[in-house]
Chemist: 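Quick one: structure below, then a few questions.
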Amino acid sequence: MSLKEYRKKRNFSKTQEPGESKQKRKSAKLVYVIQKHDASHLHFDLRLEEEGVLKSWAIPKSPPQEEGIRRLAVQTEDHPLGYADFEGIIPEGQYGAGKVATWDKGDYLPLEVTSFKRIIEINGKKLSGKFCLIKLKAKEPQDKNWLFFKLKKKD
Ligand code: MN
């Protein structure tokens, strides 16, 4: 996993977003967080700890709290672990300018992980239960579009 793209997009003398090595792991549990990001378009950033970084997806609409709601989730660059605690304003003119606030936070359990699919159990306050993230075009590595939805209890 590399944070090269994360680094490249940001000027750390101008944004208060965390650099790479600020955060050490706090527990054995894997971090789950969704941040509400009031950028040029309001969206929600889903982040899941995986192999020392936060895998990230931008969800243009409100995250799926109930079964039957499918949301587009566009994969974005990996973020450093410390980003899970970031809240604040990214200054005008900087990448992602706008307000970032925690929308939901907790931990998660990976149940099935492949390059194009994640079945996870989320333990958050707003999202809780089994969820699926699945790539729309499994055979196109460049394609960033995934679907994110809650699974039925019996699945
Ligand atoms: Mn964002």
Side-chain angles (χ1 to χ4, degrees), residues 1-26 29-66 69-108 110 113 115-129 131-138 140-150:
M1 300 302 134
S2 164
L3 292 168
K4 216 167 125 189
E5 200 183 337
Y6 176 85
R7 229 173 16 237
K8 210 166 73 187
K9 287 180 167 171
R10 289 168 178 80
N11 178 343
F12 292 106
S13 66
K14 293 192 171 149
T15 179
Q16 290 177 17
E17 293 164 287
E20 284 170 59
S21 53
K22 277 192 172 174
Q23 183 98 346
K24 289 232 169 99
R25 297 186 43 86
K26 282 179 185 158
K29 290 183 171 171
L30 296 170
V31 171
Y32 145 78
V33 67
I34 294 180
Q35 291 162 319
K36 188 176 175 182
H37 187 182
D38 203 354
S40 51
H41 295 279
L42 176 70
H43 62 273
F44 296 82
D45 289 303
L46 166 67
R47 309 195 196 281
L48 299 171
E49 177 181 356
E50 216 175 88
E51 297 176 24
V53 295
L54 294 171
K55 291 279 160 194
S56 299
W57 289 265
I59 305 169
K61 291 183 179 177
S62 61
Q65 290 177 268
E66 306 293 336
I69 303 168
R70 285 169 174 252
R71 290 291 187 239
L72 175 69
V74 183
Q75 189 163 16
T76 57
E77 75 276 17
D78 295 347
H79 280 51
L81 284 183
Y83 211 93
D85 296 322
F86 175 70
E87 288 193 292
I89 312 264
I90 301 170
E92 203 69 34
Q94 299 304 302
Y95 177 71
K99 188 181 170 192
V100 176
T102 304
W103 183 82
D104 194 23
K105 201 174 178 191
D107 54 67
Y108 83 99
V113 176
S115 59
F116 59 90
K117 190 180 181 185
R118 307 273 192 294
I119 306 277
I120 58 177
E121 194 169 315
I122 294 178
N123 303 302
K125 291 201 171 91
K126 289 181 175 157
L127 296 197
S128 149
F131 287 76
C132 178
L133 265 165
I134 190 156
K135 226 179 143 181
L136 287 169
K137 293 174 183 168
E140 291 182 29
Q142 300 307 319
D143 198 85
K144 305 288 183 202
N145 292 333
W146 296 60
L147 275 182
F148 180 46
F149 53 93
K150 187 170 185 177

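Order of appearance sets the numbers: ligands from 1, and atoms from 1 within every ligand. Treat the numbers as computed from the prediction; the structure is a model and nothing was measured.
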Chemist: Are more than 12 heavy atoms, taken from residues, nucleotides or ligands other than K36, located less than 6.0 Å from that residue's NZ atom?
Modeler: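 Not more than 12 within 6.0 Å, no.
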Chemist: Knowing that exactly one of K8, R10, K55 qualifies, which makes a salt bridge (charged side-chain N to carboxylate O under 4.0 Å, His left out) with E77?
Modeler: R10
Chemist: Would you find more than 12 non-hydrogen atoms of other residues, nucleotides or ligands less than 6.0 Å from K117 atom NZ?
Modeler: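 No.
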Chemist: Using the six-membered ring of F149, assess whether NZ or CZ of R70 lies under 6.0 Å from its centre and within 45 degrees of the ring axis.
Modeler: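 Yes, cation above the ring, under 6.0 Å and within 45°.
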Chemist: Count the heavy atoms belonging to other residues, nucleotides or ligands that lie under 6.0 Å from NZ of K14, then report whether that count exceeds 12.
Modeler: no
Chemist: Could you work out, with side chain to side chain donor-acceptor pair (under 3.5 Å) as the rule, every residue matching S13, not counting sequence neighbours?
Modeler: N11
Chemist: How about the Mn ion (ligand 1), which protein N, O or S atoms come within less than 2.8 Å?
Modeler: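 Near the Mn ion (ligand 1), below 2.8 Å, one finds H37 ND1, H43 NE2, D45 OD2.
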